[in-house]
Amino acid sequence: MFKDAKEQLEVIKRGIVEIVSENELINKLEKSKKENTPLRVKLGLDPTAPDIHIGNAIPIHKLRAFQDLGHKAVLIIGDYTAVVGDPSGVNKTRPQLSHEDVLKNAQTYLDQAGKILDLENTELVYNGDWFKKLSFEEVIHLTSTITVARMLERDDFSKRYSSGSPISLHEFIYPLMQGYDSLVVKCDIELGGTDQLFSLLIGRDIQRDGGMEPQVAITTPLLEGLDGNKKMSKSLGNYIGITEDPNEMFGKAMSLPDELMKKYFELATDLPMDRINGLLSSETHPKKAKMEMAKAIVSRYHSDEDAENALVEFDKIFKDHKLPTDIPEVTIASNDLKDGKIWIVELLKKCEFAKTNGDARRLIVQGGVKMDDNKITDHALAIEPENGAILKVGKRRFAKLSVKT
RNA sequence: GGGGGGAUACCCGAGUGGCCAAAGGGGACAGACUGUAAAUCUGUUGACGUAGUCUUCGAAGGUUCGAAUCCUUCUCUCCCCA
């Protein structure tokens, strides 16, 4: 039923950073094959925000790969760990969420993770189930498994510590909780981004302490966000959500710096490596390559057809400078009008192209505002809105006026 | 418990009585160019119907003709000592 360890290893090793340790993994794979028992592969998701993006989808895809190899996916929804807030890779204390918010997010996480995983064959657990029952005594025992020195060794903590930034005590508990999860669900393997390595290793200690064979830790790369610089994250707004509209997804992918194409190709698309290498060779124009990449990303979460359409739409707007197929309508009611006219600044605010008058004026002064293809240069202008007129701001914001009087 | 720092716009960070709506960088937005929402270059980035006026530098009071800057109290935070 299971493939050879070697064959499995090949699949497992694609697009990952590190295995701790590979030998242990091979042993586990061999044992699993011999005994015909699937390995338990754990991934913890903290539902701290309502959306999954293509960066944090990377380990989820890896989990799916394990499912396809016949292993058991154990998905932990970190409803309690999310309340604590993962300190990994951040330079400040995360805001603590209410348990209520977390549960709300958890549902959307599940819906979204279901796009990647085979949920039918996923063991789904909430870590609040055990954490809320843990006694204080047990918590104390848990905290005794690690020393302060080791905690402070961590890059993120040591950086914060030496830069004089605050570190709250509860943040030390986070990796212990994550490690304790591993003990409870008795997993053989845990997946996580490279920033999770510390927590994954703590899991090994805690499992060992609990009399278990320690899990194998597998880390996946972190994906830089759209700015090409910082890690993709919801709070930085530099992300592509996996449920985003195809056109939006395509456009965002196209806005990536060229240098990141290889990484995105590898981690965010399903294209085979030789195809990717072909596209990245000097024979292919970078723009063409990037379009293929954007298409592949859209295909992964929508369909090939959606991807193709998104490409056509993109060219239409940005290459041919034509109007998009769907333009949001903005209704102008009679009480928006004075003597049948509306001040252009008001109109821009009405269309949500500007938050303040100054904002709107700036856009006009900078030459970024067009009405039916005519540049508007006068910020005092009052216009008589025509039904169906197209207001354009910048390169990619459009509104169709719908006048109701 | 004692002593000494720090808190500045979306973020980081300069500014230690008027020249401060506050340098610089990042981000964001706009323009030019192009190969795209790449790269590069330029500009803009508190509010107000465009005029000067108003509100901003952790919070509240105070000193002063005038306060981000000085004083008092408070909140949060970092370091050192115990």
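Only heavy atoms go into these numbers, but all of them, side chains included; no hydrogens, no water, no symmetry mates. Just so it is clear, the model here is predicted, and its values are computed rather than measured. Below, chains carry the letters A, B, ... as their sequence lines are ordered, and counting in each starts from 1.
Note on Phe353(A): nothing from the nucleic acid sits closer than 4.0 angstrom, heavy atoms only. Contact annotation for Arg397(A): backbone-only contact, meaning every heavy-atom pair under 4.0 Å involves sugar-phosphate atoms and none involves a base. Among the protein residues, Lys355(A) comes within range of no part of the nucleic acid, since none of its heavy atoms lies under 4.0 Å from any strand. When heavy atoms are screened at a 4.0 angstrom cut-off, Ile240(A) is found touching no nucleic acid atom at all.
Taking for each of Ala382(A) and Gly164(A) the nucleotide of RNA chain B with the nearest heavy atom, the 5'-most of the two is the partner of Ala382(A). The 5' end of RNA chain B is approached more closely, in terms of each residue's nearest nucleotide, by Leu363(A) than by the other of Ala380(A) and Leu363(A).
Pair assignment for G1(B) gives C81(B), based on Watson-Crick or G-U wobble hydrogen-bonding distances that are each under 3.5 Å. Applying the Watson-Crick and G-U wobble criteria (two distances, each under 3.5 Å), A67(B) pairs with nothing in any strand. Across all strands shown, the partner of G31(B) is C41(B), judged by Watson-Crick or G-U wobble contacts whose two distances both fall under 3.5 Å. The pairing partner recorded for G24(B) is C12(B), the criterion being a Watson-Crick or G-U wobble arrangement whose two distances lie under 3.5 angstrom. Pairing for U72(B) is with A60(B), a Watson-Crick or G-U wobble pair whose two hydrogen-bonding atom distances lie under 3.5 Å.
A donor atom on one side chain and an acceptor atom on the other are found under 3.5 Å apart for Ser182(A) and Lys42(A).
Across the P atoms, G25(B) and G43(B) are found 11 Å apart, a figure rounded to whole Å. Between the P atoms of A38(B) and G31(B), the separation comes to 12 Å (whole Å). For the C1' atoms, the distance linking G13(B) with G4(B) amounts to 22 Å, nearest Å. As rounded to the nearest Å, C70(B) and G15(B) have C1' atoms that lie 16 Å from one another. Straight-line distance between the C1' atoms of A14(B) and C65(B): roughly 28 Å, to the nearest whole Å. Taking atom C1' on both U8(B) and C76(B), the two are 16 Å apart, rounded to the nearest angstrom. Rounded to a whole angstrom, the distance from the P atom of C11(B) to that of U16(B) is 23 Å. Remark: the separation of the P atoms in G66(B) and U56(B) is 16 Å, to the nearest Å.
Under the side-chain contact (heavy atoms from CB on, under 4.5 Å) criterion, Lys133(A) pairs with no residue at all, not counting sequence neighbours.
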B/S/- along nucleotides 34-39 of chain B (protein heavy atoms under 4.0 Å) is -BBBB-
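In terms of modelled atom types and a separation under 3.5 Å, the side chain of Ser168(A) and the main chain of Glu171(A) share no donor-acceptor contact.
With rounding to whole Å, Arg160(A) atom CZ is found 13 Å from U77(B) atom P. Distance CG (Asp359(A)) to C1' (A28(B)): 11 Å, rounded to an integer number of Å. In this entry the distance linking NE2 of His379(A) with P of G49(B) reads 11 Å, nearest Å. Following rounding to the nearest Å, Asn238(A) (CG) and G26(B) (P) show an atom-to-atom distance of 17 Å. Summarising the geometry, the separation between CD1 on Ile364(A) and P on U45(B) is reported as 15 Å, rounded to the nearest angstrom. The CD1-P distance, from Ile376(A) to A30(B), rounds to 15 Å in whole Å. Atom-to-atom, CG of Asn357(A) to P of U53(B) comes out at 20 Å; the value is rounded to the nearest Å. Rounded to whole angstrom, the span from the CG atom of Leu348(A) across to the P atom of U44(B) amounts to 20 Å.
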What verdict does the side chain to side chain contact (heavy atoms under 4.5 Å, CB included) test give for Asn387(A) and Leu401(A), after you've listed the backbone C-alpha separation in whole Å, the side-chain angles of each residue and the deciding distance to 0.1 Å?
CA-CA 6 Å; Asn387(A) 201 32; Leu401(A) 304 188; 5.9 Å; no
Take Ser303(A) and Asp306(A) through the test side-chain hydrogen bond (donor to acceptor under 3.5 Å, both in side chains) and record every step on the way to the result.
CA-CA 5 Å; Ser303(A) 66; Asp306(A) 287 335; 3.2 Å; yes
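Taking 4.0 Å as the cut-off between side-chain N and carboxylate O, Glu22(A) and Lys13(A) count as a salt-bridged pair. Using a 4.0 Å cut-off between a side-chain N of Lys or Arg and a carboxylate O of Asp or Glu, Asp195(A) and Lys231(A) qualify as a salt bridge.
Contact of Gln366(A) with G43(B) (side chain to base): a donor-acceptor pair of N or O atoms is detected under 3.5 Å.
A cation-pi arrangement is not found for Arg160(A) relative to Phe157(A), the charged atom failing to lie both closer than 6.0 Å to the ring centre and inside a 45° cone about the ring normal.
For the pair Tyr161(A) and C78(B), the criterion of a side-chain N or O lying under 4.0 Å from OP1 or OP2 is not met. Of the side-chain N and O atoms in Arg362(A), none sit less than 4.0 angstrom from OP1 or OP2 of A28(B).
Among residue pairs with one or both ends in residues 335-379 of chain A, none qualify as ring pair (Phe, Tyr, Trp, His ring centres under 6.0 Å); sequence neighbours excluded.
When distances are taken from the side chain of Thr356(A) to each of C48(B), G26(B), A30(B), the shortest belongs to C48(B).
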